[in-house]
K.L.:
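The structure under discussion is supplied below as structure tokens; questions concerning it will follow.
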Amino acid sequence: MAVTLRIHNTMTRTKEDFVPLDPTHVTLYVCGPTVYDRAHIGNARPAIVFDVLSRLLRRLYPKVTYARNITDVDDKINARSRESGRSISAITEETTRWYHEDLAALNVLLPDLEPRATGHIDDMIRMIEDLVAKGHAYEADGHVLFSVPSMETYGRLSGRSIEDMIAGARVEVAPYKRDPSDFVLWKPSDDETPGWESPWGRGRPGWHIECSAMSSRYLGATFDIHGGGLDLIFPHHENEVAQSTCCNGPGSFARYWMHNGMLMVEGEKMSKSLGNFFTVQDLLARQPGEALRLCMLATHYRQPLDWTADGLEQARKTLDRYYGALGRVADLEAEDRPVPEGVLAALCDDLNTPKALSELHVVLGELNRAESRADQARLKGDLLAAGSLLGLLGQDPEAWLRGGEGGDDGLAARVESLIQARKDARKAKDFARADEIRDALLKEGVVLEDGPQGTTWRKA
RNA sequence: GGCCGGAUGGCAGAGUGGUUAUGCAGCGGACUGCAAAUCCGCGUACGUCGGUUCGAUUCCGGCUCCGGCCUCCA
């Protein structure tokens, strides 16, 4: 491999060379959704970012196992069930299906594994038993709690000391806790709440234990990369580290931690109370998924991303340019090409997607300038190779430019006949009539473009 | 209050101890019957105050502003 992948490791707060535990098999775990509601645009960011990472890893290494969990045990789900009267499973199954549909629209590939918490309760119970046996957890009042003071290095990932947390604690401390910073591994369930039999009675797991149990089951006690949103560093990931390393030994668990930045909307914090809360579904009604994806990749994953209508519009226009160029060479078989060096180098530099996109623009310019068929075929190949690594430019150019799969045939036929009528008018030098046809179509959102091979059309 | 991150041209957004991406918008030109698309050319930006340096947007410190986390939010 010509290039070295470098990634910013939250654990060390520095950019490091990525050296996998096993160069023949790279392992990646990303925190997936809690399935109680439609995915919002903030949920889409890690999905897209780590999708690009997984595509890149597959390019660089012979085998990659990417696991992304589904959290289907959670008190928010329980609350939703009580409010709506619908069963837990109906809610989680429907929400999971929505999640898959939304991500598919964003061209996010499925991970290799998508373990569900409810399928791994036994693994979690075993892990909790182990932690109790090792003196890192205790039972109190029907709960099992992780004993934070039992772990010397607690707080390393999030960079905070136990004193900081006590000083800043703004949550009342449950009376059964030995220490205010202890957190729940297992809690009792009443008859109305989902529960599983355990050595501590009927109950359900705490939030953090599922990721520790499932990552260890599928990727091993020690694996390469763990990803998620910045807001998960504390407490979620810190607690995962605590559970897993206390169970499996120091130095185990994730070797590199990657966290994506948060999303803002039109310069403001995204929140339901401000009414600036977009679901992926809302946005897909306005713009194609590929435009959302490009918009997401136009900002580096660790930076805060300001989601704006303007930015989304710009992303769509950018794709119009790419697909316009690809449409002009649609009849040419693309040469089979490696990913352009500049694009690959940018992605290998801590997933610098904005830089990669600027390199892609260079290729676009070259394609637009290319005169020979050979150059065009080569550059088309470059564009498609880079595009597939980023999860972009995979559509049929004509379908994109004419408004996607849903375009009605009637429109196409009507536009074609008007183009013919305009052609006749132009031949007869009746430019007033020709312009009239063009203007009328433009009012309907159809743009005509006269080229050397005749007139083509696209949606505005 | 504690901990962390950010501030780049009209906008978005990379990057760099000295030659200053990329895109959008704008301006000029080529092409076109006119457009559109495409191509060519143009804009010398790095919050603020100090320090280090021959030289700082880039390194260090103060300040201001913005954002995140502080026990179940991606």
Side-chain angles (χ1 to χ4, degrees), chain A residues 10 13 30-34 39-50 71 74-76 146 148 155 158-161 163-174 177 180-184 187 205-208 227-236 238-239 259-264 267-271 294-295 298-300 302-306 308 310-311 313-315 317-318 320-321 324-325 327-328 342 346 349 352-362 364-365 367-369 426 429-432 434-435 438-439 442 447-452 455-458 460:
Chain A
T10 307
R13 320 253 158 195
V30 174
C31 287
T34 299
H40 62 251
I41 188 65
N43 295 312
R45 170 116 99 146
I48 291 173
V49 163
F50 293 107
T71 300
D74 186 276
D75 286 351
K76 286 194 291 293
F146 184 90
V148 169
S158 56
R160 60 188 76 204
S161 67
E163 298 79 73
D164 289 342
M165 287 178 282
I166 295 166
R170 59 184 184 192
V171 177
E172 62 183 295
V173 178
K177 285 188 181 182
S181 55
D182 291 349
F183 59 90
V184 171
K187 54 189 166 186
W207 178 31
H208 319 297
L230 202 61
D231 55 344
L232 292 182
I233 294 176
F234 190 87
H236 186 50
E238 191 67 74
N239 290 349
H259 291 97
N260 61 274
M262 298 293 100
L263 215 86
M264 300 197 297
E268 288 187 303
K269 179 183 172 171
M270 182 172 77
S271 74
L294 176 62
C295 201
T299 298
H300 184 85
R302 284 194 285 117
Q303 292 295 113
L305 167 52
D306 191 8
T308 63
D310 198 50
E313 174 69 17
Q314 197 170 306
K317 277 156 73 174
T318 299
D320 284 348
R321 272 192 84 201
R328 267 171 254 129
D349 183 14
N352 193 338
T353 51
K355 183 73 157 53
L357 290 169
S358 87
E359 298 286 343
L360 200 59
H361 274 287
V362 174
L364 173 65
L367 174 59
N368 281 335
R369 257 172 271 132
R426 292 178 74 204
K429 301 275 186 218
D430 183 0
F431 295 120
D435 291 351
R438 190 173 59 198
D439 292 346
L442 187 60
V447 180
L448 297 189
E449 293 175 352
D450 298 330
T455 300
T456 59
W457 66 277
R458 64 182 167 90

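Keep in mind that what you see is a predicted model, and the values were worked out from it rather than measured.
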K.L.:
If I pick the P atom on rU64(B) and the same atom on rC49(B), what distance separates them, to the nearest angstrom?
P.N.:
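Each nucleotide's P atom is 15 Å from the other's.
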K.L.:
Can you find a pair of side-chain heavy atoms, one from L230(A) and one from T10(A), that are under 4.5 Å apart?
P.N.:
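Sidechains of T10(A) and L230(A): no contact.
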K.L.:
Between E449(A) and L305(A), which is nearer to the 5' end of RNA chain B once each is assigned its nearest nucleotide?
P.N.:
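It is L305(A), whose closest nucleotide lies nearer the 5' terminus.
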K.L.:
For atom P, what is the distance between rC24(B) and rA7(B), given to the nearest Å?
P.N.:
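24 Å, rounded to whole Å.
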K.L.:
Could you state the NE2-P distance from H300(A) to rG13(B), rounded to the nearest angstrom?
P.N.:
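Rounded to whole Å, this separation is 13 Å.
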K.L.:
Using the P atoms only, state how far rG23(B) lies from rA14(B), rounded to an integer number of Å.
P.N.:
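The same atom, P, in both gives a distance of 16 Å.
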K.L.:
Taking only the P atom of each, what is the distance from rU53(B) to rC63(B) in whole angstrom?
P.N.:
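About 24 Å, rounded to a whole number of Å.
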K.L.:
Considering only atom C1', compute the distance from rC46(B) to rG9(B) and round it to an integer number of Å.
P.N.:
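Comparing C1' positions in rC46(B) and rG9(B) gives a spacing of 8 Å.
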K.L.:
Quick one: look up who rC34(B) pairs with, Watson-Crick or G-U, both distances under 3.5 Å, and put none if it's unpaired.
P.N.:
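Checking every strand shown, rC34(B) finds no partner, since no pair has both distances under 3.5 Å.
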K.L.:
Atom CD in E359(A), atom CG in L364(A): separation rounded to 0.5 Å?
P.N.:
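Atom-to-atom, E359(A):CD and L364(A):CG are 13.0 Å apart.
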K.L.:
Does any nucleotide pair with rG47(B) by Watson-Crick or G-U wobble geometry, both distances under 3.5 Å, and what is it?
P.N.:
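Across all strands, the one nucleotide that pairs with rG47(B) is rC63(B).
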K.L.:
Under 3.5 Å for both donor-acceptor distances, Watson-Crick or wobble: does rG10(B) have a partner, and if so which one?
P.N.:
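Paired with rC24(B).
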K.L.:
Is any side-chain heavy atom of R458(A) closer than 4.5 Å to a side-chain heavy atom of E449(A)?
P.N.:
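Contact flag for R458(A)/E449(A) side chains = yes.
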K.L.:
Looking at side-chain heavy atoms only, is the closest gap between L232(A) and C31(A) below 4.5 Å?
P.N.:
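They are in side-chain contact.
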K.L.:
Across all strands shown, which nucleotide pairs with rC39(B) by Watson-Crick or G-U wobble geometry, both distances under 3.5 Å?
P.N.:
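Base-paired to rG29(B).
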K.L.:
Does D450(A) contact rC31(B) through a side-chain donor or acceptor facing the base, at a distance under 3.5 Å?
P.N.:
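No pair found.
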K.L.:
Would you indicate which nucleotide in rA74(B), rU38(B), rA35(B) comes nearest to any side-chain atom of D231(A)?
P.N.:
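Of all the options, the side chain of D231(A) is nearest to rA74(B).
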K.L.:
Taking only side-chain nitrogens and oxygens of R321(A), does any of them come within less than 4.0 Å of OP1 or OP2 of rC39(B)?
P.N.:
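R321(A) to rC39(B) OP1/OP2: side-chain N or O found under 4.0 Å.
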K.L.:
When you match R302(A) and I233(A) each to their closest nucleotide on RNA chain B, which lands nearer the 5' end?
P.N.:
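Result of the comparison: R302(A).
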K.L.:
Answer yes or no: is there a side-chain heavy-atom contact under 4.5 Å between M262(A) and D231(A)?
P.N.:
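Yes; the side chains approach each other to less than 4.5 Å.
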K.L.:
Does the rA74(B) base have a donor-acceptor partner in the side chain of R45(A) within less than 3.5 Å?
P.N.:
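Counting by modelled atom types and ignoring angles, no donor-acceptor contact under 3.5 Å is found here.
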K.L.:
Hey, could you give me the CZ/NE2 distance between F183(A) and H208(A), rounded to the nearest 0.5 Å?
P.N.:
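Atom-to-atom, F183(A):CZ and H208(A):NE2 are 6.0 Å apart.
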K.L.:
Paired with rG18(B): which nucleotide, if any, by Watson-Crick or G-U wobble criteria at under 3.5 Å for both distances?
P.N.:
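Base-paired to rC54(B).
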K.L.:
For rU52(B) versus rA12(B), give the span between their P atoms, rounded off to a whole number of Å.
P.N.:
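Straight-line distance between the two P atoms is 35 Å.
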K.L.:
Would you measure the distance from the P atom in rA56(B) across to the matching atom in rU48(B) and give it in whole Å?
P.N.:
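The answer is 15 Å between these two P atoms.
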K.L.:
Whether N352(A) contacts rG15(B) is assessed here as follows: a side-chain N or O lying under 4.0 Å from the phosphate OP1 or OP2. Is that the case?
P.N.:
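For N352(A), the contact criterion (side-chain N or O under 4.0 Å from OP1 or OP2 of rG15(B)) is met.
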K.L.:
Looking at the side chain of Q314(A), which of rU38(B), rC40(B), rC24(B) is the nearest nucleotide?
P.N.:
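Minimum distance to the Q314(A) side chain belongs to rC24(B).
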K.L.:
Provide the distance between the two P atoms, one in rA35(B) and one in rA30(B), to the nearest whole Å.
P.N.:
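The answer is 11 Å between these two P atoms.
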K.L.:
Choosing from rA74(B), rU71(B), rC11(B), which nucleotide comes nearest the side chain of H40(A)?
P.N.:
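So the nucleotide nearest the side chain must be rA74(B).
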K.L.:
Establish, with yes or no, whether the OP1 or OP2 oxygen of rG13(B) is under 4.0 angstrom from a side-chain nitrogen or oxygen of T299(A).
P.N.:
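So the side-chain polar atoms of T299(A) do come within 4.0 Å of the phosphate oxygens OP1 or OP2 of rG13(B), strictly under.
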K.L.:
Taking the side chain of H361(A) as heavy atoms from C-beta outward, which of rC40(B), rG23(B), rG33(B) is closest to it?
P.N.:
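Among rC40(B), rG23(B), rG33(B), the one nearest the side chain of H361(A) is rG23(B).
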K.L.:
Is R458(A) near enough to rA36(B) that one of its side-chain N or O atoms lies under 4.0 angstrom from OP1 or OP2?
P.N.:
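For rA36(B), neither OP1 nor OP2 has a side-chain N or O of R458(A) closer than 4.0 Å.
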